Amino acid sequence: MKILNPRTHGYLDYVTPILFLVAPTLFGLTGIPAMLAYALAIIHLVMTLATDFPLGPVKFLPFTIHGWVERVVGPLLIVVPFVLGFSTDLAARNFYLAIGVIIILVGVLTDYKGAETTKAQTR
């Protein structure tokens with residue numbers, strides 16, 4: 001069931017970099033987990049700005065490709081604490097597990113074809 005349209009997904013995509021930016025302070029992340037959070041904030045913001053959906057000002061990246069990136073990133077965020085060796089840091093591990101699950105859920109609930117339908121209707 002696809003309950004998130006491209007516009008709603010866009011709002012969530014602008015909240016995500018903010019969450020990554022405040023995570024080190026909010027959850028006490030340091031070292032690799034903190035640097036990764038800052039890097040992901042920048043990467044996610046750039047991808048959102050470049051996505052061809054209602055809230056993307058540049059409209060370079062097709063929304064369906066944006067969705068595939070998130071389908072890869074969500075599971076990777078779940079394994080990253082174990083791969084990068086910070087799984088014993090409970091705050092960092094739990095943050096990355098939670099954000100990975102959230103990105104997966106948003107991906108499952110998003111209508112990635114909705115942007116194409118909206119374009120076709122406005123032509």
Side-chain angles (χ1 to χ4, degrees):
M1 181 167 169
K2 306 293 184 181
I3 61 173
L4 298 176
N5 62 37
R7 180 171 297 279
T8 303
H9 185 105
Y11 291 128
L12 295 173
D13 272 355
Y14 282 106
V15 170
T16 302
I18 295 167
L19 180 58
F20 278 122
L21 281 177
V22 300
T25 301
L26 199 59
F27 302 112
L29 307 182
T30 60
I32 292 172
M35 297 308 292
L36 182 59
Y38 294 134
L40 288 170
I42 293 166
I43 292 165
H44 198 91
L45 179 60
V46 168
M47 186 172 84
T48 299
L49 292 170
T51 297
D52 186 3
F53 68 154
L55 298 179
V58 178
K59 300 191 185 314
F60 171 77
L61 181 69
F63 190 42
T64 53
I65 301 300
H66 176 110
W68 281 107
V69 170
E70 290 179 342
R71 285 179 184 99
V72 171
V73 169
L76 285 177
L77 290 175
I78 291 172
V79 301
V80 79
F82 306 96
V83 173
L84 295 182
F86 60 86
S87 62
T88 57
D89 179 342
L90 295 182
R93 183 191 70 207
N94 291 343
F95 170 72
Y96 283 98
L97 290 174
I99 198 73
V101 168
I102 290 167
I103 288 173
I104 290 168
L105 288 174
V106 167
V108 167
L109 297 174
T110 296
D111 177 12
Y112 288 102
K113 301 286 185 185
E116 294 170 8
T117 303
T118 303
K119 279 184 190 177
Q121 291 173 349
T122 59
R123 289 183 188 169

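No experiment lies behind these values; they were computed from the predicted model shown.
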Problem set entry | Heavy-atom closest contact (Ile78 atom, Leu97 atom, distance) | O-CD2, 3.4 Å
For this session: Calculate, to the nearest 0.5 Å, the distance between atoms OG1 and CG belonging to Thr16 and Leu40 respectively.
Result: 10.5 Å
For this session: Examine distances only and state if a side-chain atom of Thr8 and a backbone atom of Leu4 form a donor-acceptor pair shorter than 3.5 Å.
Result: no
Seminar exercise, completed: Output for pair (Asp111 CG, Leu109 CG), nearest 0.5 Å, gives 11.0 Å
Exercise. Distance from Asp89 atom CG to Phe95 atom CZ, nearest 0.5 Å?
Worked result: 12.0 Å
Exercise. What pair of heavy atoms forms the shortest contact from Arg7 to Asn5, and how long is it?
Worked result: N-OD1, 3.1 Å
Exercise. Taking the side chain from Lys59 and the backbone from Phe53, do they hold a donor-acceptor pair closer than 3.5 Å?
Worked result: yes
Problem set entry | Residues forming a side-chain hydrogen bond (donor to acceptor under 3.5 Å, both in side chains) with Asn94, sequence neighbours excluded | none
For this session: For residues Ile42 and Phe20, determine if any side-chain heavy atom of one lies less than 4.5 Å from a side-chain heavy atom of the other.
Result: no
Exercise. Under the side chain to side chain contact (heavy atoms under 4.5 Å, CB included) criterion, do Val80 and Phe86 qualify, and how do the steps go?
Worked result: CA-CA 8 Å; Val80 79; Phe86 60 86; 4.1 Å; yes
Seminar exercise, completed: Applying side-chain contact (heavy atoms from CB on, under 4.5 Å) to Tyr14 and not counting sequence neighbours gives Leu45, Thr48, Leu49, Leu55, Pro57
Exercise. What pairs with Leu105 under side-chain contact (heavy atoms from CB on, under 4.5 Å), at least two apart in sequence or on another chain?
Worked result: Val101
Under 3.5 Å, sequence neighbours excluded: what are the donor-acceptor pairs made by side chains of residues 25-39?
none

For this session: Linking directly or through intermediates, with side-chain heavy atoms under 4.5 Å: list the remaining ILVMFWY members grouped with Val15, chain and number order.
Result: none
For this session: State, to 0.1 Å, how close Lys2 and Gly107 come at their nearest heavy-atom pair, and which atoms those are.
Result: NZ-O, 4.1 Å
Seminar exercise, completed: Rounded to the nearest 0.5 angstrom, the CG-OG1 distance for Leu12 and Thr110 is 7.5 Å
Exercise. Between CG of Leu21 and NE2 of His44, what distance do you get to the nearest 0.5 Å?
Worked result: 11.5 Å
Could you go through residues 65-77 and list every donor-acceptor pair under 3.5 Å that involves a side-chain atom there, pairing it with any protein atom two or more places apart or in another chain?
{"residue": "His66", "atom": "ND1", "partner": "Thr51", "partner atom": "OG1", "Å": "2.7"}
{"residue": "His66", "atom": "NE2", "partner": "His9", "partner atom": "NE2", "Å": "3.3"}
{"residue": "His66", "atom": "NE2", "partner": "Asp13", "partner atom": "OD2", "Å": "2.7"}
{"residue": "His66", "atom": "NE2", "partner": "Glu70", "partner atom": "OE2", "Å": "2.9"}
{"residue": "Glu70", "atom": "OE1", "partner": "His9", "partner atom": "NE2", "Å": "3.1"}
{"residue": "Glu70", "atom": "OE1", "partner": "Tyr112", "partner atom": "OH", "Å": "2.8"}
{"residue": "Glu70", "atom": "OE2", "partner": "His9", "partner atom": "NE2", "Å": "3.3"}

For this session: Please indicate whether Phe60 has more than 12 foreign heavy atoms, meaning atoms of other residues, nucleotides or ligands, lying under 6.0 Å from its CZ.
Result: no
